[in-house]
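Report on the structure given below.
Below, each value reflects all heavy atoms present in this structure, side chains not excepted, and no hydrogens, waters or symmetry copies.
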Amino acid sequence: MLDDRKLKKNPFSLQLNAEDFLPASADEKQSLVVMRESTTYWKDAVRRLRKNKVAMVAFAVIILVMFCAFIVPSFYPYHYDQQIRGSEDLRPMQYSEMELKSISQGKSVFPHVFGTDSFGRDLGIRVMIGARISLLVGLIASFLVLLIGSIYGAIAGYFGGKVDMVMMRIVDIIYSVPDMLIIILLQVTLKTPLTNLFDSNPAFAGLQKVGVGLISIFITFSLLYWVGMARIVRGQIMTLKEQEFVTAAKALGASNRQIIAKHLLPNCIGTLIVTTTLQIPSAIFTEAFLSYLGLGVAIPMASLGSLASDALGGISAFPYRLIVPSVAISLIILSFNLFGDGLRDAFDPKLKK
């Protein structure tokens with residue numbers, strides 16, 4: 001107690017203990033080491049993406065829409081082209097007289113959640129099939145844009161010089177071509193040969209359901225819409241080809257194809273993923289717009305754009321027929337845009353925290 005009182009009165013009189021200055025043992029060092037969990041580029045990007053609540057909500061909406069578009073129709077009681085007699089022009093959650101009679105007899109009748117159209121077709125299943133068509137168009141078109149644009153842009157950026165000049169002038173020419181004109185010309189040109197092909201070969205019966213218009217849209221995306229991706233990839237490749245690892249690959253005897261495929265394009269993967277994700281809503285909107293004009297899927301196949309077009313005839317009496325597909329298109333496009341923005345923030349090293 002006396003030493004404590006002396007220490008409080010005069011704290012500078014503290015006696016040092018030599019044992020306190022002995023080197024720490026291995027166990028003591030290990031107890032003080034706080035190891036940071038090892039991470040990779042992908043883990044770090046996923047961590048940042050998970051912190052983005054808006055992007056995660058948008059991703060959840062995309063999963064929900066895909067579930068409704070691809071899974072729910074398999075056990076939905078109605079078919080997209082099924083015309084139910086006596087059930088024309090029903091409002092949401094409304095039953096026809098025949099269905100009410102069946103219910104009174106104790107039978108189970110699934111309600112028309114979004115009502116029916118003038119042909120007695122359930123609008124709910126047609127919206128889900130329309131969302132499926134829109135998603136398939138967006139995914140397939142974006143894959144075509146990714147495949148063609150990344151290869152074209154990588155070649156132009158890697159070789160540079162006259163090769164780059166010629167290839168980029170071709171891109172400038174393609175930019176000036178109106179896509180609507182190409183789609184109309186393709187539909188007129190391909191209608192007869194494709195129809196003959198569908199009739200003569202049963203293997204193409206599935207393509208006959210979607211119609212010549214949708215095939216023309218895919219061809220147009222392959223011909224025109226990859227130029228934006230090509231320019232982005234070209235800029236990335238022109239920066240990366242000056243790095244030391246490319247010089248080392250050349251010194252080791254790697255061919256130009258190997259350098260592009262194994263060294264340059266993999267280092268652009270973040271940009272490719274983000275650009276492809278942001279391309280999906282653009283493709284969906286283009287398909288919906290063309291289907292709205294009657295240049296998309298063939299009747300009776302449903303598309304969100306064609307559903308909105310069909311609803312214009314009775315918009316004053318049945319406004320929900322236009323509201324439902326319009327909300328579905330807006331929700332899908334908004335979700336993909338928000339998720340694409342989240343991916344861009346996650347894959348951008350400058351935003352690393």
Spatial distance of atom CD (E242) from atom OG1 (T247) [nearest 0.5 Å]: 7.5 Å

Write down the atom of G120, the atom of E88, and the distance for their closest heavy-atom approach. N-CG, 3.8 Å

Is it the case that atom CZ in F285 sees more than 12 heavy atoms from other parts of the structure closer than 6.0 Å? no

How about V54 and F339: do any of their side-chain heavy atoms sit closer than 4.5 Å? no

Contact between V65 and L135 at the side-chain level, heavy atoms closer than 4.5 Å - yes or no? yes

What closest approach, in Å, do I237 and C268 show between heavy atoms, and which atom pair accounts for it? CD1-SG, 3.8 Å

Taking 4.0 angstrom as the limit, do D44 and R48 come out as a salt bridge? yes

Take F221 and L224, measure what side-chain contact (heavy atoms from CB on, under 4.5 Å) needs, and give me the verdict at the end. CA-CA 5 Å; F221 271 100; L224 304 180; over 6 Å; no

Grouping I, L, V, M, F, W and Y whenever their side-chain heavy atoms are under 4.5 Å apart, do M165 and V227 come out in a common cluster? no

Minimum heavy-atom separation for P111 to Y78, with atom names? O-CE1, 4.2 Å

Without swapping roles, check the side chain of R132 against the backbone of A69 for a donor-acceptor pair under 3.5 Å. yes

Verify whether the ring centers belonging to H112 and Y95 lie closer than 6.0 Å. no

For Q236 and N267: C-alpha separation, side-chain torsions, deciding distance, then whether side-chain contact (heavy atoms from CB on, under 4.5 Å) applies. CA-CA 9 Å; Q236 293 283 323; N267 282 278; over 6 Å; no

Minimum side-chain heavy-atom gap L307-R126 below 4.5 Å: yes

Taking all non-hydrogen atoms of both residues, which atom of G138 and which atom of I280 are closest, and how far apart? O-CG1, 3.9 Å

Rounding to 0.5 Å, atoms OG1 (T271) and CG (L343) come to a distance of 11.5 Å

Below 4.5 Å, heavy atoms only, C-beta onward: do L265 and I269 meet side chain to side chain? no

Does a side-chain heavy-atom distance below 4.5 Å link L136 with F70? yes

Exactly one candidate in V324, I329, I323 meets side chain to side chain contact (heavy atoms under 4.5 Å, CB included) with V327; the answer is I323

Under 3.5 Å, side chain of K241 to main-chain N/O of G157, donor-acceptor pair present? yes

Tell me if the CD atom of Q105 is crowded by more than 12 foreign heavy atoms within 6.0 Å. yes

Report, as yes or no, whether the 6.0 Å neighbourhood of atom OH on Y175 holds more than 12 heavy atoms from other residues, nucleotides or ligands. yes

For S309 and S306, indicate whether the former's side chain and the latter's backbone hold a donor-acceptor pair under 3.5 Å. no

Salt bridge present between D89 and R321 (N-O < 4.0 angstrom): yes

Is there side-chain contact between S255 and Q258, with at least one heavy-atom pair below 4.5 Å? yes

Between T286 and Y225, does the side-chain contact (heavy atoms from CB on, under 4.5 Å) criterion hold? Intermediate values first, please. CA-CA 11 Å; T286 301; Y225 280 77; 3.7 Å; yes

Note: A131 and I332 closest approach over all heavy atoms is CB-CD1, 4.2 Å

Is it the case that E287 and S303 place a side-chain donor and acceptor less than 3.5 Å from each other? yes

Do the side chains of L304 and S291 get nearer than 4.5 Å, heavy atoms only? no

Indicate yes or no: does D164 engage R234 in a salt bridge with an N to O separation below 4.0 Å. yes

Greater than 12 external heavy atoms within 6.0 Å of R169's CZ: yes

Are the side chain of S102 and the backbone N or O of M98 linked by a donor-acceptor pair below 3.5 Å? yes

Is there a donor-acceptor contact under 3.5 Å from the side chain of T116 to the main chain of R121? no

Among all residues two or more places apart in sequence or in another chain, which pass the ring-ring contact (aromatic ring centres under 6.0 Å, His included) test with F110? Y76

Is it possible for you to say whether L181 and L223 belong to one hydrophobic cluster, with membership spreading through side-chain heavy-atom contacts below 4.5 Å? no

When rounded to the nearest 0.5 Å, the distance separating CD1 of I219 from CG of L185 is 12.0 Å

d(W226 CH2, R231 CZ) to nearest 0.5 Å is 10.5 Å

Inter-residue atom distance I125.CD1 - H79.NE2, 0.5 Å rounding: 7.5 Å

Hydrophobic clusters here meaning ILVMFWY residues chained together by side-chain heavy-atom distances under 4.5 Å, can you tell me if I333 and V127 are in one? yes

Roughly how far apart are T276 OG1 and L139 CG, rounded to 0.5 Å? 10.5 Å

Would you say L100 and M93 are hydrophobically clustered, going by side-chain heavy atoms of ILVMFWY under 4.5 Å? yes

Y152 vs M167 side-chain heavy atoms within contact, under 4.5 Å: yes

Starting from Y158, can I reach F245 by hopping between I/L/V/M/F/W/Y residues whose side chains sit under 4.5 Å apart? yes

Nearest heavy-atom contact between I259 and A249 is CG1-CB, 4.2 Å

One pair to check against side-chain contact (heavy atoms from CB on, under 4.5 Å): F336 and L278. What are the steps and the verdict? CA-CA 7 Å; F336 272 106; L278 293 174; over 6 Å; no

Classify the side-chain pair S96/S87 by whether it contains a donor and acceptor separated by less than 3.5 Å. yes

Side chain of S150, backbone of L147: donor and acceptor closer than 3.5 Å? yes

